[in-house]
Protein chains: 2
Amino acid sequence: MFSSDDTPKPLRGTRRSLPIALLRARETVMGPIREMLSQSNINEQKWRVLRVLDERGPTELTQVAKDACLLLPSLTRIIRAMEEEGLATRGTDPDDRRKSIAAITEAGRALILAHMAESNAIFARLERDFGQEKVEQLLDLLDELQTLDLYKP
Amino acid sequence: MFSSDDTPKPLRGTRRSLPIALLRARETVMGPIREMLSQSNINEQKWRVLRVLDERGPTELTQVAKDACLLLPSLTRIIRAMEEEGLATRGTDPDDRRKSIAAITEAGRALILAHMAESNAIFARLERDFGQEKVEQLLDLLDELQTLDLYKP
DNA sequence: TCCTTATACTTCACATGTTAAGCAGTTTTC
DNA sequence: GAAAACTGCTTAACATGTGAAGTATAAGGA
C-alpha cells in the first residue's frame, strides 16, 4: 500500500533518479581510475578508445564512438591526438572509402599493459568493499539495461 | 574453478568494466530524457542543478556541485546562466561571506512541474521494459555504491 | 547516366569538463 | 593581533560535449 499513486506524486528524489544515481556511482568508481590515468597523461576518453580498439581490433569510427560512448565530433579530435601520440593509427576502408578504420598500436597496447595491474587492484578493492556478488549483480543489471531501447513506444 | 588467477588475466572486457558499463547504461536511460529537456532549451546539467536545489532548498555552491556531480568552475558558469534565465537566485551567506547560497525560483519550480508528467512516464516505461524489481534493485545497488570511499586503503 | 538520398565522417560554434592559478574571507598560530 | 594557512569560489586556458552545417563517397531510382 505504499507506492500507489493516490497522491499527486512529485519527482523521485535525486537518489532514486536512475540517471543521477548512475552518474554519482560512476564518479565514485572513477576517482581512483582517474588518479591512475593522470600518471600517464591520458584521460578517460582516450582510455576508453584504447580499450575498445584493443577489444575489437581495427574498427570503423562510428562503431568506436558507440562503444566508447563518444560523439563523432569528439572522436575525430581524440583520434587525431592519439595518432600524434602514437597510440593509434587509422586508414581508409578500401571497400568503402567513406569509412575510416582505427587500430591500436603497440605503444597503445603497452599503455594498457602498464595499467593492468593497478586497474585490477582497483577492481579488487571494489569487490572487497562492495562485495563480489553485488558487483556481479550490478554488472549484469547494467549490461541488460544497456540493450534496452527506451524511445517512445 | 573458473575465475581463479592461474593465468595472467587481461583487463576485463568493456562490458564488465564498471565505469564503462555505468556510462553505457546511463546513455540508454538519458536518451528520452535529453529529448524531453531539449524542448525547454535546458540541458542535463541545469536540470540536475534545478532538482538538487528543489530537493535541498537554498544550498551553498560546493554542496550543489557535489550533489549535481559538477565541478565548481562549471557550476559557476551554469548558475550565472540560470540566474539570467530566472531559474535560480543566489546570495552571500551572512555567516560566512565566502559562501554563495543558491536557491530555485518559482520559474525553476514551474519548469520542474512542467516536465514531471513526462519524466514519470519515461520512468514508467523503464519499469515496464526492464522490470520494476530490477529497477529497484539497481537503484539500491547504485545508492550503496555511491557511499563507498575507494581511495587507497 | 544523372539525380536524389543516405552514410561516414569533419568542421564550426558554443557549452561544459578539467586543471591550475587567483582572490577574498576565515581560521589558526605564534 | 598580525602572518600564515585554509576555504569557497572565480577566472583562465585548453580539452571534450553537443547540435547543426558541410564534404566526400556510396547506393538507389528515373
Side-chain angles (χ1 to χ4, degrees), chain A residues 19-20 23-24 26-27 30-31 33-50 52 58-85 87-88 90-102, chain B residues 19 23-24 26-27 30-31 33-50 52 58-85 87-102:
Chain A
I20 295 180
L23 192 52
R24 288 179 182 161
R26 186 166 191 276
E27 286 307 301
M30 280 306 298
I33 296 179
R34 267 194 265 268
E35 207 172 71
M36 170 183 87
L37 295 180
S38 70
Q39 291 160 10
S40 293
N41 271 324
I42 201 178
N43 61 20
E44 266 183 71
Q45 292 85 346
K46 288 178 184 175
W47 181 244
R48 289 204 303 274
V49 171
L50 277 182
V52 166
T59 310
E60 59 193 84
L61 296 190
T62 299
Q63 186 64 46
V64 174
K66 268 183 200 146
D67 285 8
C69 290
L70 294 168
L71 296 180
L72 273 172
S74 295
L75 186 58
T76 293
R77 291 180 298 222
I78 289 168
I79 281 277
R80 185 189 301 142
M82 290 175 72
E83 271 188 283
E84 286 164 6
E85 295 161 18
L87 299 174
R90 60 190 294 187
T92 302
D93 182 341
D95 295 334
D96 183 343
R97 297 185 354 195
R98 290 170 303 182
K99 291 184 184 171
S100 191
I101 304 225
Chain B
L23 191 53
R24 288 179 183 161
R26 186 165 192 277
E27 286 307 301
M30 280 305 298
I33 296 179
R34 268 194 265 268
E35 207 172 70
M36 171 183 85
L37 294 179
S38 70
Q39 291 160 10
S40 292
N41 271 324
I42 200 177
N43 61 19
E44 266 183 70
Q45 292 85 348
K46 288 177 183 172
W47 182 243
R48 290 204 302 273
V49 171
L50 277 181
V52 166
T59 309
E60 57 193 84
L61 295 191
T62 299
Q63 186 63 46
V64 174
K66 270 182 200 146
D67 286 9
C69 290
L70 294 168
L71 296 179
L72 273 172
S74 295
L75 185 58
T76 293
R77 291 180 298 221
I78 290 168
I79 281 279
R80 185 190 302 142
M82 289 176 72
E83 271 187 283
E84 286 164 5
E85 294 161 19
L87 299 174
T89 56
R90 59 191 294 187
T92 302
D93 183 341
D95 295 334
D96 184 343
R97 297 181 356 191
R98 290 170 303 184
K99 291 183 183 172
S100 191
I101 304 226

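These numbers were taken from a predicted model, which means no experiment stands behind them. Chain letters run A, B, ... following the sequence lines, proteins first and then strands; every chain starts at 1.
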Could you give the [atom1]-to-[atom2] distance, from [X] to [N], as a whole number of Å?
X	N	atom1	atom2	value
B/Met82	C/dA15	CE	P	15 Å
A/Arg90	C/dC9	CZ	P	8 Å
A/Glu60	D/dT25	CD	P	17 Å
B/Ile79	C/dA15	CD1	C1'	16 Å
A/Glu85	D/dA15	CD	P	11 Å
B/Leu37	C/dT16	CG	P	13 Å
A/Asp93	D/dA24	CG	C1'	15 Å
A/Leu61	C/dT11	CG	P	12 Å

query: Do any N or O atoms from the side chain of B/Ser74 and from the backbone of B/Leu70 form a donor-acceptor pair under 3.5 angstrom?
result: no
- request: Look at the side chain of A/Arg24 and the backbone N and O of B/Cys69, then say whether any donor-acceptor pair between them is shorter than 3.5 Å.
  value: no
- prompt: Between B/Arg90 and B/Ser100, does any side-chain donor sit less than 3.5 Å from a side-chain acceptor?
  reply: yes
query: CE of A/Met30 to CE of A/Met36: how many Å apart, nearest 0.5 Å?
result: 8.0 Å
query: Got a second to check how far A/Ile101's CD1 is from A/Thr92's OG1, nearest 0.5 Å?
result: 9.0 Å
Kindly say if [X] contacts the phosphate of [N], meaning a side-chain N or O under 4.0 Å from OP1 or OP2.
X	N	value
B/Arg80	D/dT11	yes
B/Arg97	C/dT27	no
A/Thr62	C/dT7	no

Please list, for nucleotides 21-23 of chain C, all pairs of protein and nucleotide N/O atoms separated by less than 3.5 Å.
none

field: Residue pair B/Ala65 / B/Leu75: nearest heavy atoms and the distance that separates them
entry: N-CD2, 3.7 Å
Report yes if the side chains of [X] and [Y] come closer than 4.5 Å at any heavy-atom pair, otherwise no.
X	Y	value
A/Val52	A/Gln63	no
A/Ile42	A/Leu50	yes
B/Leu37	B/Lys46	no
A/Ile79	A/Val49	yes

task: Please round to 10 degrees the angle between the axis of the first five pairs and the axis of the last five pairs in the helix from C/dT1-D/dA30 to C/dC30-D/dG1.
output: 10°
- prompt: Does a salt bridge link A/Arg34 with A/Glu27, judged by any charged N lying under 4.0 Å from a carboxylate O?
  reply: yes
SB check B/Arg48 B/Glu44 (cutoff 4.0 Å): yes
- prompt: Quick one: side-chain hydrogen bond (donor to acceptor under 3.5 Å, both in side chains) partners of A/Glu83, sequence neighbours excluded?
  reply: none
- request: Check side-chain hydrogen bond (donor to acceptor under 3.5 Å, both in side chains) between A/Arg77 and all other residues, then give those that pass, not counting sequence neighbours.
  value: none
Atom pairs under 3.5 Å, N or O on each side, protein against nucleotides 2-6 of chain C: can you list them with distances?
none

Give me the distances for all protein-to-nucleotides 16-19 of chain D N/O pairs that come in under 3.5 Å?
from, atom 1, to, atom 2, distance (Å)
D/dT16, OP1, A/Asn43, ND2, 3.2
D/dT16, O3', A/Gln45, NE2, 2.8
D/dG17, OP1, A/Gln45, NE2, 3.4
D/dG17, OP2, A/Ser74, OG, 2.8
D/dG17, N7, A/Arg77, NH2, 2.6
D/dG17, O6, A/Arg77, NH1, 3.4

